[in-house]
Amino acid sequence: MAATAYVEKTALLDTATKDIFDWSDDATPLRDAMWDKVMESNNHNTDKTSEQAAKWEDMNDSDLKAAAEKLLK
C-alpha cells in the first residue's frame, strides 16, 4: 500500500504540463519541465536542482501546481 500512496502523491509530477495548465501546449511531464527550468536558472548545477526537486515530491497537488505555475509561466 505504501507504493500506491507514493504513486498517487507523485501523479501530478508525471502528468503532461499541457494537461495541467490551460496556458501550456507542452507534452513534457511536469517534473521534467520544472527540472529543466531550474537547471537553466542555476547554471546546470545538478546538486542544487536535485535539492529543489526533492521538495516537489513532498508537496500536495495544489502547492505543487502553484509552484510549477510560478516557475514555468
Residues two or more places apart in sequence or in another chain: which of them pass side chain to side chain donor-acceptor pair (under 3.5 Å) with [X]?
X: T28; result: D26
X: T49; result: N42
X: N45; result: none

Shortest non-hydrogen contact from [X] to [Y]?
X: V38; Y: S41; answer: O-OG, 2.9 Å
X: L72; Y: A33; answer: CD2-O, 3.6 Å
X: W56; Y: R31; answer: CZ3-O, 4.0 Å
X: A68; Y: M34; answer: CB-SD, 3.6 Å
X: A16; Y: A27; answer: CB-O, 3.5 Å

Measuring from atom [atom1] of [X] to atom [atom2] of [Y], what distance do you get when rounded to the nearest 0.5 angstrom?
X: L71; Y: D36; atom1: CG; atom2: CG; answer: 10.0 Å
X: L13; Y: I20; atom1: CG; atom2: CD1; answer: 8.0 Å
X: T46; Y: M39; atom1: OG1; atom2: CE; answer: 4.0 Å

With A67 via side chain to side chain contact (heavy atoms under 4.5 Å, CB included) - residues at least two apart: M59

Counterpart residues, salt bridge (Lys or Arg N to Asp or Glu O under 4.0 Å), relative to E69 (two or more places apart): K73

Residue pairs, two or more places apart or on separate chains, that pass ring-ring contact (aromatic ring centres under 6.0 Å, His included) and touch residues 22-45: F21-W23

